[in-house]
There are 2 protein chains.
Amino acid sequence: MARTTDGAAGARPTIRDIARVAGVSKASVSYALNDLPGVSEQTRARIRATATELGWRPSAAARSLSRARAGAVGLAVARDVRLLEEEPYYMRFIAGMESVLAREGLSLLLSVVPDVEAAVGVLRDWWGERRVDGVVLTDLRVQDPRVALVAELGIPCAVPAGAGRATSVQAERQAFEEVVTHLCAQGHRRLARVAGPREFLHTLRRDVAWAEVTRSALGAPAPVVVADYTSAGGLAATRGLLAGAEPPTAVVYDNDVMAAAVVAEREALGVRVPQDLAVVAGDDSMLCRLVSPAISCLQRDVVADGARSARLLLEVLQGRPGQAPAGEPHRLVVRGTTVRAPVG
Amino acid sequence: MARTTDGAAGARPTIRDIARVAGVSKASVSYALNDLPGVSEQTRARIRATATELGWRPSAAARSLSRARAGAVGLAVARDVRLLEEEPYYMRFIAGMESVLAREGLSLLLSVVPDVEAAVGVLRDWWGERRVDGVVLTDLRVQDPRVALVAELGIPCAVPAGAGRATSVQAERQAFEEVVTHLCAQGHRRLARVAGPREFLHTLRRDVAWAEVTRSALGAPAPVVVADYTSAGGLAATRGLLAGAEPPTAVVYDNDVMAAAVVAEREALGVRVPQDLAVVAGDDSMLCRLVSPAISCLQRDVVADGARSARLLLEVLQGRPGQAPAGEPHRLVVRGTTVRAPVG
DNA sequence: CTGAAAGCGCTTACAG
DNA sequence: CTGAAAGCGCTTACAG
């Protein structure tokens with residue numbers, strides 16, 4: 001069917017070639033191929049057929065230049081590589097984004113840099129050269145310079161509800177309620193939380209939610225100690241808690257890595273899990289399932305979060321400054337670290 | 001300093017604006033800003049200053065159109081999302097790529113799709129619309145349709161030595177030699193390997209290397225069973241091995257997930273680790289460090305692999321069809337699953 | 001060393 | 001419904 005002799009030369013066909021072969025003007029080709037009015041159905045069909053026959057594909061550069069749109073969005077991940085190793089989160093988030101972007105013919109630019117300052121540089125470059133039409137921001141920090149930059153330059157931007165752990169206080173509250181209810185039902189009264197760094201906005205949101213939920217359930221806010229998401233940090237924080245006057249019988253960790261480290265090192269810490277210490281992780285992952293006992297955790301659909309973020313950005317790009325949809329709540333998955341009898 | 005009144009209007013400055021302000025032609029601006037001969041040092045300095053003052057940045061689209069280069073490279077990851085969760089590999093690889101690409105002003109397009117067929121579609125789109133100048137291919141399959149496509153369309157492409165586990169036989173041999181020597185020194189004579197799917201090229205390379213190394217060390221090639229990289233698959237394969245007439249005393253797994261699952265489920269499998277069964281993982285990760293005992297493994301610098309791949313692609317783009325550099329060999333890290341006495 | 005001009009491959013008013 | 005023309009923001013021979 002296709003006349004391969006044309007393409008074989010290596011030269012890409014342009015709308016000019018299509019116009020010549022179909023015997024119409026370039027403008028008509030453009031209208032026809034973009035489904036715009038201005039060409040008869042008959043002509044449109046002939047042009048389409050010719051385009052297919054020649055193997056034509058629009059030039060992203062030409063289209064971008066004349067439409068003044070990049071046809072791409074960016075995701076600048078700001079996180080130390082060493083922490084990334086422990087975060088299988090992003091690839092799934094990206095897979096979710098892609099499922100939405102692909103339908104719109106948008107590409108995804110990805111940048112992985114160690115810190116927020118570097119991310120600001122990346123955003124500046126991307127936007128300055130108009131390589132992207134908008135960006136998705138995750139893992140927001142307190143006083144995040146990316147937020148300031150995006151506002152200053154007017155970069156279309158989506159900060160998803162569920163992405164980068166930036167859920168709303170409401171969602172955090174709901175999640176903690178599930179956790180605390182479950183722990184209290186197991187007879188626990190002395191709870192504690194090992195939090196992530198306070199530089200993250202979501203840590204602060206969780207602080208609020210945790211205080212509210214534990215005060216309401218136990219009469220007073222349960223203690224919180226800050227750690228850094230690493231296994232070493234999680235262990236140190238836990239040691240501190242256990243050395244206190246009234247050591248907790250149940251600890252909730254802001255991520256999976258810290259929780260898994262504690263379960264793995266329970267002997268060194270001098271506790272039995274779950275008999276002496278119940279453990280809950282803020283994320284789910286292989287880690288939670290592989291250590292023994294397996295770790296009870298808050299679970300959510302990261303792929304769906306990515307898709308939702310992309311959709312949100314699309315709405316912003318179309319001028320509808322979309323409300324961040326609430327996002328599905330985290331679900332508590334009960335495993336061996338919070339109940340005596342084996343579960344599941 | 002900068003006259004913000006210009007930029008505040010929102011209109012991006014172009015070389016036309018610079019030419020007007022600096023009192024020269026557009027061509028001179030282009031020469032000056034691209035460090036090409038054809039302008040006096042004095043003029044060049046003035047033009048540079050003007051560009052900075054106006055906050056000019058080149059338009060990626062315009063540059064791409066006139067230079068006929070996209071200014072971007074692509075990485076199309078072909079892997080099921082569920083497996084991705086278990087693979088913290090890619091983000092680090094990407095961080096490595098970026099460190100090289102950023103210096104050249106190249107962007108990275110990322111696509112995460114479930115299988116090779118979808119990846120072929122992505123590559124076709126990227127190349128058809130000239131969104132990328134070249135691509136990096138990882139996780140090569142046997143008869144990989146991406147390889148065929150890349151050859152057919154002439155897409156510049158780099159398949160890194162160490163990336164996506166696509167190391168050369170030589171590197172695999174060296175790695176297995178380290179492992180087998182270590183295990184033999186511990187008194188093991190009955191070894192086995194739980195391999196990844198045979199659809200991956202690197203699995204076949206490992207098959208060759210494994211057979212050679214074990215034959216040389218033990219007189220006959222040690223057995224291999226194929227699994228699918230998942231914890232369930234790894235467990236099933238191990239159960240099969242242990243039920244055999246001469247069960248192995250040491251098993252080498254092609255990835256970390258399978259090894260970790262076996263260590264985590266050692267009681268259910270009815271073995272003590274390392275007394276009854278020594279375990280070695282083909283990848284390192286948090287998983288290997290968190291289970292107990294910690295898993296001996298082959299370790300390598302994934303970030304460096306990513307950087308090397310990007311460098312290789314750059315050479316291909318510059319017409320020097322660069323040899324894939326050998327890549328650093330894997331290092332054996334000895335932990336608790338292969339020695340009785342606690343290590344490190 | 002410098003400038004006027006054509007071109008990259010599209011889109012989009014504007015006349016017919 | 002259709003076509004000639006200008007424009008998007010750069011690059012690059014080609015004359016001066």
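Residue numbering restarts at 1 for every chain, and letters A, B, ... go by the order of the sequence lines.
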Qualifying residues under side chain to side chain donor-acceptor pair (under 3.5 Å), relative to [X], sequence neighbours excluded:
X: B/R146; value: B/D144
X: B/T50; value: none
X: B/R44; value: B/E41
X: A/Q318; value: A/R320

Please tabulate, for side-chain N and O atoms in residues 16-24 of chain A, each donor-acceptor pair with protein atoms closer than 3.5 Å (sequence neighbours left out).
from  : atom 1 : to    : atom 2 : distance (Å)
A/D17 : OD1    : A/R20 : NH2    : 2.7
A/D17 : OD2    : A/T14 : N      : 2.8

**Prompt:** Can you tell me if A/R131 uses its side chain to pair, donor with acceptor, with the backbone of B/G71 under 3.5 Å?
**Reply:**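 Yes.
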
**Request:** Could you list where the contact with chain B starts and ends along DNA chain C, reading 5' to 3', using a 4.0 Å heavy-atom cut-off?
**Result:**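 Going 5' to 3' along DNA chain C, contacts run C/dC1 to C/dG9.
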
**Item:** 5'-most by nearest nucleotide on DNA chain C - B/T43 or B/A62
**Value:**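 The 5'-side residue here is B/T43.
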
**Item:** Partner residues of B/R141 under the salt bridge (charged side-chain N to carboxylate O under 4.0 Å, His left out) criterion, sequence neighbours left out
**Value:**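 Scan of B/R141 (salt bridge (charged side-chain N to carboxylate O under 4.0 Å, His left out), adjacent residues dropped) gives B/E199.
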
**Prompt:** In residues 23-35 of chain A, which ones come under 4.0 Å of DNA chain C, going by heavy atoms?
**Reply:**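 Those residues whose heavy atoms fall under 4.0 Å from DNA chain C, taken from residues 23-35 of chain A in numerical order, are A/K26, A/A27, A/S30, A/Y31, A/N34.
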
**Request:** Hey, could you give me each pair passing side chain to side chain donor-acceptor pair (under 3.5 Å) that has a residue in residues 111-124 of chain B? Not counting sequence neighbours.
**Result:**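 Pairs touching residues 111-124 of chain B that pass the test: A/E98-B/S111.
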
**Item:** Listed partners of A/R63 passing side chain to side chain contact (heavy atoms under 4.5 Å, CB included), at least two apart
**Value:**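 With sequence neighbours excluded, A/R63 shows a side chain to side chain contact (heavy atoms under 4.5 Å, CB included) to A/N34, A/W56, A/P58, A/R67, given in chain and number order.
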
**Message:** Using a 4.0 Å heavy-atom cut-off, does B/R69 contact any base of the nucleic acid, only the sugar-phosphate backbone, or nothing at all?
**Reply:**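 Since no nucleic acid heavy atom lies under 4.0 Å of B/R69, the category is nothing.
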
**Message:** What contact category does B/R57 fall into here, base, sugar-phosphate, or nothing, at under 4.0 angstrom with non-hydrogen atoms?
**Reply:**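 Result for B/R57 = sugar-phosphate.
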
**Complete:** The dot-bracket string of DNA chain D, counting Watson-Crick and G-U wobble pairs with both distances under 3.5 Å, using [ ] for crossing pairs and | for pairs to another strand, is |||.||||||||.|||

**Request:** Would you please name every residue forming a ring-ring contact (aromatic ring centres under 6.0 Å, His included) with A/F200, sequence neighbours left out?
**Result:**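 Counting only residues at least two positions away or on another chain, A/F200 forms a ring-ring contact (aromatic ring centres under 6.0 Å, His included) with A/H202, A/Y229.
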
